[in-house]
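What follows is a set of notes on a single structure, which appears directly below.
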Amino acid sequence: MADIFDSSLNLEETHFKEGYDEGYKDGLITGKDESKQVGLKVGFEVGEELGFYRGCVNVWSSALHVDPNCFSSRVKISIKQMDELIEKYPVLDPENLQVQEIMDSLRLKFKMVCSSLHVKIDYDGYPKSSSDAKDIEF
Amino acid sequence: MENFNEGCELKEFQTLEGHSDRVWSLAWNPATGHSGIPYVFASCSGDKTVRIWEQNLSTGLWGCKAVLDETHTRTVRSCAWSPSGKLLATASFDATTAIWENVGGDFECVSTLEGHENEVKSVSWNASGSLLATCGRDKSVWIWEVQPGNEFECVSVLQGHTQDVKMVQWHPTMDILFSCSYDNSIKVWADEGDSDDWQCIQTLGESNNGHTSTVWALSFNTSGDKMFTCSDDLTLKLWETDSRRMQSGNEFAPWRHLCTLTGYHDRTIFSVHWSREGIIASGAADDCIRLFVENNESLVDGGPLYKLLLKKEKAHNMDINSVQWSPGEKRLLASASDDGTIKVWELLSL
């Protein structure tokens, strides 16, 4: 014979389970939604930055096409390396572990070329590391 | 070095006033102080200027010969003369490094090196004067090549330090670069191939008996097989390499920890400099200058390799940021301090 208090004894557990299931379902939906937003944002940022470098490299390459000696051999090598890095960047494979490494090399080469050409081009799309703790001097 | 065991004195020769803010660093012009050429050194300061000081041959006193201003817009943190003494490089918190040329006694800014994201902390010329290195708060080290017509081209940007890089220093004879950092490590960089392939070839960190806090400066002995480093961890450390292997040039001779001078300092050591004769000077936040020499008895009784020669208490009223031995025959030491003055000292044996 079933205990008449059975259902009320299990009340807490039942409610917990119901709540859990509901939360899980909701979490799944909002989680997917959020990651979609983050992915869209990061994807856009990466694409924008890559596109920015692509544009610079194309302009410099065109200049070299007109006058092959307009830049030093060192700068020419750096531009070529940038070109290769952009081509190599696995745009459709965000989980590829190389992405960060390639982006870091690209940023470095870009800084070198700009310094050598005495041009001040800032890519404003990504936040600069210098924005934190700006007032500390020692 | 015998006479230094007997006792000696660090006598204040002159106090130089002129900077209106803390003096960060100073550099003796290597082409002065001999053959009748008066001693010249440069100092740089938080007042955004660089001052050139020249000794008057008749009075023996130094006077300010030039003030290099209106170029840097923020603190000038470091300065270095090219080996020929013709060019002066100055590194500033305004993210640039300026190159000055001495044109008939006037100093002209002939080039400005831009590339660092923010504060440039140190600058150094290699032995031949063909390469220049800079480092800074952006954790990177830049190598520049001197081109005809005072042009400087970036050869490489070195990333490896995880924090602010405090100082760069070229090896005295070879094209090997050393950098020390807020990340407590010293890194050794060399061109591995023949196409600007600069790489970190050694890191001297805590696991190699290295420093446990910020490494502020480093200095080599004349032959370049020993190096002292100084740190916020209140110690001076001596490192050594195999000089024969190093000179053969075929392979890199790694550096190893030889000894630690501990217990002498109780505040941060900002500067260390090795004289031609082997006297090591240190400048620290306790306003004292200390001199160390090799301990000749250590070979006999196995005692410490280096011993304190003297301690100059209250050498300045505030932190001592830089100590530098002069070139030439005299035993002159110059010190730069937060108190805004530079002092010139002479080491006299009693």
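All heavy atoms count here, side chains included; hydrogens, waters and symmetry mates do not. Every chain is numbered from 1 and lettered A, B, ... according to where its sequence line falls, protein lines coming before strand lines.
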*For A:K109, is it the side chain, the backbone, both, or neither that has a heavy atom closer than 4.5 Å to a heavy atom of chain B?*
neither
*Over all heavy atoms of both residues, which pair between B:C154 and A:S115 is shortest? Give the atoms and the distance, please.*
CB-OG, 4.3 Å
*List the atom of A:R74, the atom of B:D196, and the distance in Å for their closest heavy-atom pair.*
NE-OD2, 2.7 Å
_With a 6.0 Å cut-off (strictly less than), is the heavy-atom count around CD1 of A:I29, excluding the residue itself, greater than 12?_
yes
*Quick one: does A:S116's side chain have a donor or acceptor within less than 3.5 Å of a partner on B:E153's backbone?*
no
*From B:I143 CD1 over to A:M112 CE, what is the distance, rounded to the nearest 0.5 angstrom?*
9.5 Å
*Atom NZ of B:K48: over 12 foreign heavy atoms under 6.0 Å*: no
*asked:* If you apply the rule side-chain contact (heavy atoms from CB on, under 4.5 Å), what do you find for B:E151 with A:H118, and how did you get there?
replied: CA-CA 11 Å; B:E151 279 284 317; A:H118 300 289; 3.6 Å; yes
_Neighbour count above 12 (heavy atom, 6.0 Å) for A:K80 NZ_ = no
